[in-house]
Amino acid sequence: MDRYRIDSHKLIFHPERVADWRAGKNIHPVYAEISPSGACNHRCVYCALDFMGYKPRFLDAKLLEKRLTEMGRLGLKSVMFAGEGEPFLHPEMASIAERTKAAGIDVAFTTNAVLLRPETAARVLPAASWIKVSINAGTPETYAKIHRTKPEDFNLVFENMEYAAALRWKKNYSCALGMQLVLLPENAHEAAALALRARAAGMDYLVVKPYSQHPQSLTGKYGGIKYEKYEKLAQELARLNSPVFSVIFRLSTMRKWDNREKPHRRCLALPFWTYIDAGGSVWGCSMFLGKKEFYYGNIAENQFKKIWNGPLRKKSLEFVESKLDARKCRLNCRMDEINRYLHRLQNPPEHVNFI
């Protein structure tokens, strides 16, 4: 039921870029995560990027649109607007999405959707490939406790997403609409209720994913959570699947979390993606925000091409190659499955020619 390969990866669909990388060429990224806003209207109890401080800083829209046009020409395929803040706090988010799509780049959002009001949805849906809503409970009361916001936001999110689903149907937009729950002891008993309501609201899917401890995060409350006992929940939620709705229970990722295993020492994925924070700084990896070894430059000071081909990125890649032990990185980081794939390509088993 995971038609979007959410519990896997999609680099296999970019063989030309992988082939260039294997040939030692300096490739440009396929994917970028961009944080248009450093501020956030929620304070989720598990927030991985709480150490960034929720600073009320916003990327300059005209500068970002200029850089994205350039990045599209360089071969960037997709942008997810998310990051250390809530993207729809940016007053020009709809315009940025439209211009990103016009640059030939696929657009996506991870959002709490409180601010995805009808007027914003009307502009964003035609531009976006998907919108995924972080909603970590099945009742307003539990939602308020986990998101550390008012209970009314829970119903407001569903009002916004029901409108978006109806608009998508009416206009025949292709944008996928989904919701996501980080599975915690406080919300596990409400996962089925959330799935039912998401299905009724016209969502395409609900992702149920494990917590992942960010090494720089200020919160460590869930660092010792175990997911083995929730495997029965996966079976229960699978019964709610229908031809137009699926629960994507990330069981494989949960097992990796429980086993704490990471087979690869080297991080090979960095050439394929990048992260731009709300201050315009370009980073090699979101786990190392603020660490000079992973800082590439700033889009307010240089073109992206100069940053990507510049001395700071070259020095960073040398550091990653010689000194970074990826086994000590964040478990289930965004590039984990890609790293496993690239590691297998570089270290194939015997008999691979017998296809």
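Given the structure is predicted, the values throughout are model-derived calculations rather than measurements.
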I'd like to know whether Thr110 forms a side chain to side chain donor-acceptor pair (under 3.5 Å) with Glu33, so could you lay out the CA-CA distance, the side-chain angles of the two residues, the decisive distance to 0.1 Å, and finally the verdict. CA-CA 10 Å; Thr110 296; Glu33 183 174 332; over 6 Å; no
side-chain contact (heavy atoms from CB on, under 4.5 Å) between Ser95 and Arg123, worked out
CA-CA 8 Å; Ser95 174; Arg123 295 182 63 185; 3.8 Å; yes
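Annotation for Lys226: atom NZ counts as buried by contact number, over 12 foreign heavy atoms lying within 6.0 Å. More than 12 heavy atoms of other residues, nucleotides or ligands sit less than 6.0 Å from atom CD of Glu119.
Inter-residue side-chain proximity for Phe158 and Ile135 is flagged as met; some heavy-atom pair is nearer than 4.5 Å. Looking at heavy atoms from C-beta onward, Phe81 lies in side-chain contact with Ile96 at the 4.5 angstrom threshold. Annotation: side chain of Thr111 is in contact with side chain of Glu86 (closest heavy-atom distance under 4.5 Å).
Between atom NZ of residue Lys62 and atom CG of residue Leu64 there is a gap of 12.0 Å, rounded to the nearest 0.5 Å. The distance from atom NZ of Lys101 to atom CG of Asp106, rounded to the nearest 0.5 Å, is 4.5 Å. Taking SG of Cys285 as the start and NZ of Lys291 as the end, the distance is 12.0 Å to the nearest 0.5 Å. Interatomic distance, CD of Glu92 versus CD of Glu98, reported as 11.0 Å (0.5 Å rounding). Put simply, CG on Leu68 and CG on Leu63 are 9.0 Å apart, with the number rounded to the nearest 0.5 Å. Here the straight-line distance linking atom CG of Asp60 with atom CD1 of Ile299 works out to 8.5 Å at 0.5 Å rounding.
A cation-pi geometry, defined here as NZ or CZ lying under 6.0 Å from the six-membered ring centre and within 45° of its normal, does not hold between Arg17 and Phe272. Seen from the ring of Trp257, Arg260 counts as a face-on cation partner, given the 6.0 Å and 45° thresholds.
Side-chain contact, Tyr46 with Asn136: a donor N or O sits under 3.5 Å from an acceptor N or O. Checking Glu84 against Tyr275 by side-chain atom types alone, a donor-acceptor pair falls below 3.5 Å.
Note: His351 and Phe354 have perpendicular aromatic rings, judged against thresholds of 30 and 60 degrees for the angle between ring planes. In this pair, Tyr31 and Trp273 present their aromatic rings parallel. The plane angle is below 30°, not in the 30 to 60° band. Using the six-membered ring where Trp is involved, Phe58 and His90 have ring planes that are perpendicular, over 60° apart on the 30 and 60° scheme. Between Tyr143 and His42, the angle of the ring planes goes over 60°, which puts this pair in the perpendicular group of the 30/60° scheme.
Salt bridge status for Asp153 with Lys150: present, with a side-chain N to carboxylate O gap under 4.0 Å.
With Trp283 as the partner, the ring pair (Phe, Tyr, Trp, His ring centres under 6.0 Å) test is satisfied by one option alone out of Phe288, Tyr295, Phe294, Tyr296: Tyr295. Among Lys256, Arg5, Arg250, the single residue meeting the salt bridge (charged side-chain N to carboxylate O under 4.0 Å, His left out) criterion with Glu337 is Lys256.
Scanning for salt bridge (charged side-chain N to carboxylate O under 4.0 Å, His left out) contacts around Arg197 gives an empty result, with sequence neighbours left out. A search for salt bridge (charged side-chain N to carboxylate O under 4.0 Å, His left out) contacts involving Arg117 returns nothing, not counting sequence neighbours.
Using a distance-only test at 3.5 Å, with no hydrogens or angles considered, no donor-acceptor pair links the side chain of Ser316 to the main chain of Leu312. Although no hydrogens or angles enter the test, the distance criterion places no donor-acceptor pair under 3.5 Å between the side chain of Arg168 and the main chain of Leu125. In this structure, Asn187 contributes its side chain and Val182 its backbone to a donor-acceptor pair below 3.5 Å.
Of all non-hydrogen atoms in Asp50 and Leu218, the two that sit nearest each other are OD1-N, 2.9 Å.
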